[in-house]
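As structure tokens, the structure follows; a few thoughts come after it.
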Amino acid sequence: MRDLYGVIGDPIAHSLSPAMHNEAFRALGIDADYHAFHVTPENLEAAVNGMKAIGVAGFNVTIPHKQAIMPYLDEIDLLAETIGAVNTVVRTPHGWAGYNTDGPGFMQALKEESGRVISGEKVLVIGAGGAARAIYYTLCREGAVTVDLCNRTVKKAEEMRDESPFPCPSKVLTLKEAEEQLGEYTLIVQTTSIGMHPNTDAQPLSVRNLNPDAFVSDIIYNPFETKFLNEAKKRGARVQNGLGMFIYQGAIAFEKWTGVKPDTRKMKNVVE
Ligand code: SKM
């Protein structure tokens, strides 16, 4: 029987995961289908149990379920537990196993597209949500010189820092302080949804003090170039959007499900 995979979220119609994974299955000759399922928060438990009952082989989890799904899984990998969010679920003989491939996916894309060595970087992470957590912990684990945080709600960023299993030098700034001190950073990572379609005129903070030698990453991929990235580019910085992270988090999930590494260039061609 053909294996069934999918992604659950609310909303979900915008997701590029089905196109990307179905292309990877096709390219490898794997007889499987990947679908997007609209699951609202009140239906999450029923959906997870239902997918187990009908024999779904694995699925991705997106907003707003990455934390809420954790109690419904049978085991959780250490990194996902540490980050406090799951975006990939694998069927095992014991039930559902949860993983987080967002942090590793981000890191792979960052290293590849920037060519930089993270251990030399002074980093600023903007935001303190689920994606920020995955990225912040991963950057600290990679041994960045400093990983400072800024967020509209300072307390939330402080909690994220204090709960980090990988302590690293890290200050928490207001958005205004971050704007003023922006020139000190060599790597800036924007993890909020500010600037995402349809609010493309918004940006989380001004880049007027940006160091032109800095590398600026925005995890949004719709639009491909946010206002934040556009402004950073105008100041001479090299930039990266969220497409690479999206592709690599998917490729790592795909390998967990099938045991096979997919062709990421083919996956990229589909979503670009
Ligand atoms: O973490 C990923 C998730 O695996 C899939 C996804 C999507 O389909 O839009 C987005 C991210 O949350």
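All values reported here derive from a predicted model rather than from experimental measurement. Values reported hereafter were calculated over all heavy atoms of this structure, with side chains retained and with hydrogens, waters and symmetry mates removed.
- Within a 6.0 Å radius of NZ in Lys268, no more than 12 heavy atoms belonging to other residues, nucleotides or ligands are found.
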Pair Val216, Gln190 - check side chain to side chain contact (heavy atoms under 4.5 Å, CB included), show working.
CA-CA 8 Å; Val216 180; Gln190 196 306 103; 5.9 Å; no
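- Rounded to the nearest 0.5 Å, atoms CG (Leu187) and CZ (Phe215) are 7.5 Å apart.
- For the pair Val56/Arg91, no side-chain contact is recorded, criterion being any heavy-atom separation below 4.5 Å from C-beta on.
- The OG1 atom of Thr146 lies 9.0 Å from the CG atom of Leu124; values are rounded to the nearest 0.5 Å.
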When you look at Asp148 and Ser170, which way does the side-chain hydrogen bond (donor to acceptor under 3.5 Å, both in side chains) test go after all the steps?
CA-CA 5 Å; Asp148 291 349; Ser170 183; 4.8 Å; no
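- Between Leu139 and Val123, the shortest heavy-atom distance links the atoms CD1-CG1, 3.9 Å.
- Under the 3.5 Å distance criterion, the side-chain polar atoms of Thr92 are matched with a main-chain donor or acceptor of Gly95.
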Extract all donor-acceptor atom pairs below 3.5 Å that involve side chains of residues 7-20 and protein atoms in other chains or at least two apart in sequence.
residue, atom, partner, partner atom, Å
Asp10, OD1, His38, NE2, 2.7
Ser15, OG, Ser17, N, 3.0

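- When side chains are defined from C-beta on, Leu210 counts as touching Ile188, because their heavy atoms get closer than 4.5 Å.
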Residue pair Lys155, Glu159: steps toward the salt bridge (charged side-chain N to carboxylate O under 4.0 Å, His left out) verdict
CA-CA 6 Å; Lys155 192 160 176 286; Glu159 280 166 12; 3.2 Å; yes
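- Taking CG from Leu182 and SG from Cys150, the interatomic distance works out to 8.5 Å, rounded to the nearest 0.5 Å.
- Separation of atoms CZ (Arg141) and OG1 (Thr82) is listed at 8.5 Å; rounding is to 0.5 Å.
- For the atom pair His21 NE2 and Ile30 CD1, the distance stands at 11.5 Å (nearest 0.5 Å).
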Worked check of side chain to side chain contact (heavy atoms under 4.5 Å, CB included) between Leu73 and Val86:
CA-CA 10 Å; Leu73 304 177; Val86 162; 4.0 Å; yes
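- Applying the ring-ring contact (aromatic ring centres under 6.0 Å, His included) criterion to Phe228, with sequence neighbours excluded, gives no partner residue.
- Take Glu225 and apply the salt bridge (charged side-chain N to carboxylate O under 4.0 Å, His left out) test, not counting sequence neighbours, and it matches Lys233.
- In this structure, NE2 in His35 is found 6.0 Å from CZ in Phe37, a value given to the nearest 0.5 Å.
- Side chain to side chain, Asn211 and Tyr185 fail the donor-acceptor criterion of an N or O pair below 3.5 Å.
- Thr264 and Ala251 get closest at one heavy-atom pair: CG2-CB, 3.6 Å.
- Taking Tyr248 as the reference, nothing meets the ring-ring contact (aromatic ring centres under 6.0 Å, His included) condition, with sequence neighbours excluded.
- Using a 4.5 Å cut-off between side-chain heavy atoms of Ile, Leu, Val, Met, Phe, Trp and Tyr, with links allowed through other members, Leu44 and Ile54 fall into the same hydrophobic cluster.
- For Thr186 (side chain) and Lys122 (main-chain N/O), a donor-acceptor pair under 3.5 Å exists by modelled atom type.
- Proximity of a side-chain donor or acceptor of Glu177 to a complementary backbone N or O of Thr174 within less than 3.5 Å is detected.
- In terms of heavy-atom proximity, Ile252 sits nearest to Pro104 at CD1-CB, 3.7 Å.
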For a side chain to side chain contact (heavy atoms under 4.5 Å, CB included) check, start with the C-alpha distance between Val147 and Val125, then their side-chain angles and the critical distance, and finish with the verdict.
CA-CA 7 Å; Val147 188; Val125 174; 3.7 Å; yes
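- Put simply, Ile69 and Tyr5 are part of two different groups of oily side chains (I, L, V, M, F, W, Y) that touch within less than 4.5 Å, one to the next.
- Proximity of a side-chain donor or acceptor of His65 to a complementary backbone N or O of Met70 within less than 3.5 Å is not detected.
- Shown here is Arg2, whose CZ atom has more than 12 heavy atoms of other residues, nucleotides or ligands within 6.0 Å.
- Cation-pi geometry between Lys261 and Phe254 is not met: the NZ or CZ atom fails to fall both under 6.0 Å from the ring centre and inside 45° of the normal.
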Kindly determine whether Arg235 and Glu231 satisfy salt bridge (charged side-chain N to carboxylate O under 4.0 Å, His left out), including the steps that lead there.
CA-CA 7 Å; Arg235 298 203 64 83; Glu231 299 277 323; over 6 Å; no
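- Distance alone, capped at 3.5 Å, is enough to place a donor-acceptor pair between the Asn87 side chain and the Thr101 backbone.
- Formation of a donor-acceptor pair under 3.5 Å by the Thr192 side chain with backbone atoms of Gly127 is not found in this model.
- In this structure, Asp102 and Lys66 have side chains that are in contact, with non-hydrogen atoms separated by less than 4.5 Å.
- With hydrogens and angles disregarded, a donor-acceptor distance shorter than 3.5 Å links the side chain of Thr258 to the backbone of Val260.
- The closest side-chain donor-acceptor pair between Ser119 and Glu121, if any, does not fall under 3.5 angstrom.
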Apply side chain to side chain contact (heavy atoms under 4.5 Å, CB included) to residues Val61 and Val89 and explain how you reach the verdict.
CA-CA 8 Å; Val61 184; Val89 177; 3.9 Å; yes
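- Taking the six-membered ring for Trp and thresholds of 30 and 60 degrees, Tyr34 and Trp257 have ring planes inclined between 30 and 60 degrees apart.
- Side-chain heavy atoms closer than 4.5 Å link hydrophobic residues (I, L, V, M, F, W, Y) into clusters, and following such links, possibly through other members, connects Met107 to Ile135.
- A distance-only check finds no donor-acceptor pair linking the side chain of Arg152 to the backbone of Leu175 [under 3.5 Å].
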Pair Phe166-Tyr136, ring pair (Phe, Tyr, Trp, His ring centres under 6.0 Å): steps then yes or no:
CA-CA 9 Å; Phe166 309 110; Tyr136 173 62; 9.6 Å; no
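- With Asn100 contributing its side chain and Ala85 its backbone, the two residues share a donor-acceptor pair below 3.5 Å.
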For Asp213 and Arg238, run salt bridge (charged side-chain N to carboxylate O under 4.0 Å, His left out): C-alpha distance rounded to whole Å, both residues' side-chain angles, the deciding distance at 0.1 Å, then the answer.
CA-CA 8 Å; Asp213 292 331; Arg238 287 176 58 218; over 6 Å; no
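- No continuous path of ILVMFWY side-chain contacts below 4.5 Å connects Leu229 to Val271, so the two sit in separate hydrophobic clusters.
- Every ring-ring contact (aromatic ring centres under 6.0 Å, His included) that Phe246 has, sequence neighbours left out, goes to Tyr221.
- Within a 6.0 Å radius of CZ in Arg116, other residues, nucleotides and ligands contribute more than 12 heavy atoms.
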Listing, residues 194-206 side-chain donor-acceptor contacts under 3.5 Å, not counting sequence neighbours, or none:
residue, atom, partner, partner atom, Å
Gln203, NE2, Leu205, O, 3.0
Ser206, OG, Arg208, N, 3.1
Ser206, OG, Arg208, NH1, 3.3

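- Defined by atom type and a distance below 3.5 Å, a donor-acceptor pair is missing between the side-chain atoms of Asp218 and Gln240.
- When atom types are taken as modelled, the side chain of Arg133 and the backbone of Gly84 share no donor-acceptor pair closer than 3.5 angstrom.
- Under the 4.5 Å side-chain heavy-atom criterion for ILVMFWY residues, no single connected hydrophobic cluster contains both Ile126 and Val172.
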